[in-house]
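Values in this document were obtained by computation on a predicted structure and should not be read as measured data. Values below: all heavy atoms of this structure, side chains included; hydrogens, waters and symmetry mates excluded. Atoms within each ligand, like the ligands themselves, are counted from 1 in listed order.
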Amino acid sequence: MALVKIKIDGKELEAEEGKTILKVAQANGIEIPTLCDHAALLPFGGCRLCVVQAGPGALKPACATPIASNMEVVTDSSEIREARMMVLQLLFGERNHYCMVCESTGQCELQDLGYKLGLDHFEFFPYEKRFSEDVTHPYILVDQNRCILCRRCVRACADVGGHWVLGVKNRGYESLIDIDMDAPFNDSSCTSCGLCVQVCPTGALVDKRASYLGRKDQADLILSRCDRCPVGCGLEVYRRSNYILKIYGDWNCPTNGGVTCRLSRYAPLYDERPRLSTPKLKEAGVWTPASAEKTARWMAGKLINAEVVVEGSLSNEDLAALKSLFGERVFSLQDVAPPLPATAKLQDLADADTYLVIGVDLNREYGTVGSLIKRRTIPGTAKLILVDDGFNSLAASTDFVFSMEDLDSALAEARKGRKVVIVYSHLRETVAEALRAESQFLRLFLPYESNTLGLAQAGIGPHIAADSERTVFFVGENLRDLKSRVRGATLVALTPFETDEVKAADLIVPIPAVFESEGSFISMDGELLRKERILEPGEGVRSVSAWVALVEAQRLQSVVAKGKQGGSQ
Ligand code: SF4
Ligand code: SF4
Ligand code: SF4
């Protein structure tokens, strides 16, 4: 783009032709008030708060007016202030904005602008009609009475998330945010990605769990990576005291650019499984709390020939600690090898024209990958071909749905593409074989868990169940079917939760839950990412590495003690 010269408030500037007045002003530290504009969204020009004088004629919205050579822009004058005040008066008058009882008070962009622009009375008596609230969604509350119809939520849901759940219905005063053509939120196609809440400037869309627990500016902001799946989305985590207020996608993270999904934003905060807060040993069939020292001694006494089986979400640091204790006898609960080697990275999704998704519901798992695909396929920029036998909610987003048996037809459709990316996780051998032959397609493998690639790099392979008299340690947060995995063995479960499933073990040992641990993992793109510790775990909870250190200390003590006994004989 060619550079052109313009003046904003008398200041001479040079900027790329075609950029909007707002973007150029912001880049040069000149403040223009906005409401419907958002850095992650395309310009909309809806609220008219950003009006400026730019050349002859009426005031123009800075967010939607491109600059031109020698343009002279004025961002502040009595005429502009009057116009902006009228917009604010209309917005406040249109719905219920009694801030005192609003969850968003103190963190609302509309309220902030009221203060900033000097709104000291209501010009228009607020429209008295009460609109509906929708409380059916498990995580999000919709209060149409606080909505200013800026449509940030509609644009974020469609253009950024690719979900296309939200719209606007009715006309004029009666305009309302619409969910899937009048569905209750909970019955809609919403994937609970939370983007709409993240961009809403008012109290119209609210995280239920965070309601009245505090404002964002009262919380610490911690940038971390999500380890709920191998995408590794960047997150903004707002922590107040020792609880999480809210979780947003990090707009500046190159992996996800602000998009994220239910698994990172909501699911961990709603995990109601009972926490294990102290080690417990099964003695004569009765669970008895044990001290850390007794627990470590007990584990140290079981190390000979013992093996450990881990989930794929364990950090590299915890894996290294376990390897130092168990040597080569560290195994994975799941497969670690891809059914077909990957040849693509996430960024290959950005300019592909065909996606062939095999057997994965990207609205439920790997949600960010789903967004990166759907935001291109639903507007028709690219084609989504889905192959699956069971229910897959992605089917609602495409006309090209095939069964596994009809894979040949799906492949024939895909061959029409210029840049085709196959997206897959587990695959049947016959399907893998058929895909292997299509060497012209790129392959994006979705590893099974967040650090599956870390396990593979550490040389950790899958565990084979067998009859065994040895002790088997299991480490993870979703442990189940322990007895069926190893019959006849002594079992130890290191886990955050005291579920009925882990009570099949002989000893249960508390480790941190998702936000209580830190460490590195290897993403699906092969990047080494770091997740931060957000919350302090309870007193009896120790990291896997800390338990390993205690067990090792006990083991050494017993070796020394045996040595002394041997020496004195
Ligand atoms: S949405 Fe904003 S302006 Fe409206 S009542 Fe809530 S805090 Fe006040
Ligand atoms: S949570 Fe996500 S999918 Fe659901 S309505 Fe909001 S933006 Fe759309
Ligand atoms: S719900 Fe929020 S983001 Fe959506 S239009 Fe209303 S005020 Fe704007």
Worksheet item: Between I140 and ligand 2, which part of the residue brings a heavy atom under 4.0 Å of the ligand: side chain, backbone, both or neither?
Response: side chain
Worksheet item: What is the nearest protein non-hydrogen atom to atom 4 (Fe) of ligand 2, stated with its residue, atom name and distance?
Response: C190 SG, 2.3 Å
Worksheet item: Which atoms of ligand 1 have any heavy atom of F92 under 4.0 Å away?
Response: 3 (S)
Worksheet item: atom 8 (Fe) of ligand 2: which protein heavy atom is closest, and how many Å away?
Response: C157 SG, 2.4 Å
Practice prompt. For residues 186-244, pull every pair meeting ring pair (Phe, Tyr, Trp, His ring centres under 6.0 Å), keeping only residues two or more places apart or in separate chains.
Written response: Y238-Y248
Worksheet item: Do R225's NZ or CZ and the ring of F521 fall within the cation-pi criteria of under 6.0 Å and 45°?
Response: no
Item to complete: Tell me, please, whether F400 has K383 positioned over its six-membered ring: NZ or CZ under 6.0 Å from the ring centre and within 45 degrees of its axis?
Response: yes
Worksheet item: How about L435 and F441: do any of their side-chain heavy atoms sit closer than 4.5 Å?
Response: no
Worksheet item: With the threshold set at 4.0 Å, does a side-chain nitrogen-carboxylate oxygen contact exist between D227 and K531?
Response: yes
Practice prompt. Record the part of Y98 in heavy-atom contact with ligand 1 below 4.0 Å; permitted values are side chain, backbone, both and neither.
Written response: backbone
Discussion item. Checking a contact table here: which protein heavy atom is nearest atom 2 (Fe) of ligand 2, and how many Å away?
Written reply: C193 SG, 2.4 Å
Worksheet item: Nearest protein heavy atom to atom 6 (Fe) of ligand 1, by residue and atom, and its distance?
Response: C102 SG, 2.4 Å
Discussion item. So S450 and S313, do their side chains get closer than 4.5 Å, heavy atoms only?
Written reply: yes
Worksheet item: If waters are left out, how many protein N/O/S atoms lie within less than 2.8 Å of atom 2 (Fe) of ligand 3?
Response: 1
Practice prompt. Decide yes or no on side-chain contact (heavy atoms from CB on, under 4.5 Å) for T354 and E413, but give the supporting numbers first.
Written response: CA-CA 9 Å; T354 306; E413 192 61 46; over 6 Å; no
Discussion item. If we set the cut-off at 4.0 Å for heavy atoms, which region of C99 has an atom near ligand 1: side chain, backbone, both, or neither?
Written reply: both
Discussion item. Suppose I only count heavy atoms of C108 and a 4.0 Å limit; which atoms of ligand 1 are within that range?
Written reply: 1 (S), 2 (Fe), 3 (S), 7 (S)
Discussion item. As an exercise, identify every atom of ligand 2 less than 4.0 angstrom from a heavy atom of L166.
Written reply: 5 (S)
Discussion item. What I want to find out is whether K419 reaches D348 closely enough, with some N-O distance under 4.0 Å, to be called a salt bridge.
Written reply: yes
Worksheet item: Quick one: which ligand 3 atoms are inside 4.0 Å of a heavy atom on R151?
Response: 5 (S), 8 (Fe)
Worksheet item: If you count the non-hydrogen atoms of other residues, nucleotides and ligands that lie under 6.0 Å from CG in D399, is the total more than 12?
Response: no
Response to the item:
shortest atom 1 (S) of ligand 2-to-protein heavy-atom contact is with G194 N, 3.2 Å
Worksheet item: Can you list the ligand 1 atoms lying under 4.0 Å from a non-hydrogen atom of L110?
Response: 3 (S)
Item to complete: Determine whether the side chain, the backbone, both or neither of Y266 has a heavy atom under 4.0 Å from any heavy atom of ligand 2.
Response: neither
Worksheet item: In Å and rounded to the nearest 0.5 Å, what is the OG to CG distance from S371 to L195?
Response: 6.5 Å
Discussion item. Could you work out, for atom 5 (S) of ligand 1, the closest of H97, M100, E103, R95 by heavy-atom distance?
Written reply: H97
Fill in: Close-contact set for ligand 3 against L149 heavy atoms, below 4.0 Å
5 (S), 6 (Fe)
Discussion item. Are R84 and L88 packed together at the side-chain level, in the sense that at least one heavy-atom pair is separated by less than 4.5 angstrom?
Written reply: no
Worksheet item: Do R273 and P496 have side-chain heavy atoms sitting under 4.5 Å apart?
Response: no
Response to the item:
The atoms of ligand 2 lying under 4.0 Å from a heavy atom of F185, numbered in the order shown, are 5 (S)
Fill in: Salt bridge E133-K208, side-chain N to carboxylate O under 4.0 Å
no
Discussion item. I'd like to check the salt bridge (charged side-chain N to carboxylate O under 4.0 Å, His left out) partners of R209; sequence neighbours left out, ordered by chain and number.
Written reply: none
Discussion item. According to salt bridge (charged side-chain N to carboxylate O under 4.0 Å, His left out), who are the partners of D220, at least two apart in sequence or on a separate chain?
Written reply: R239
Worksheet entry | Distance filter under 4.0 Å to T105 heavy atoms, resulting ligand 1 atoms | 7 (S)
Discussion item. When you measure from the heavy atoms of Y139 to every atom of ligand 2, does any distance fall below 4.0 Å?
Written reply: no
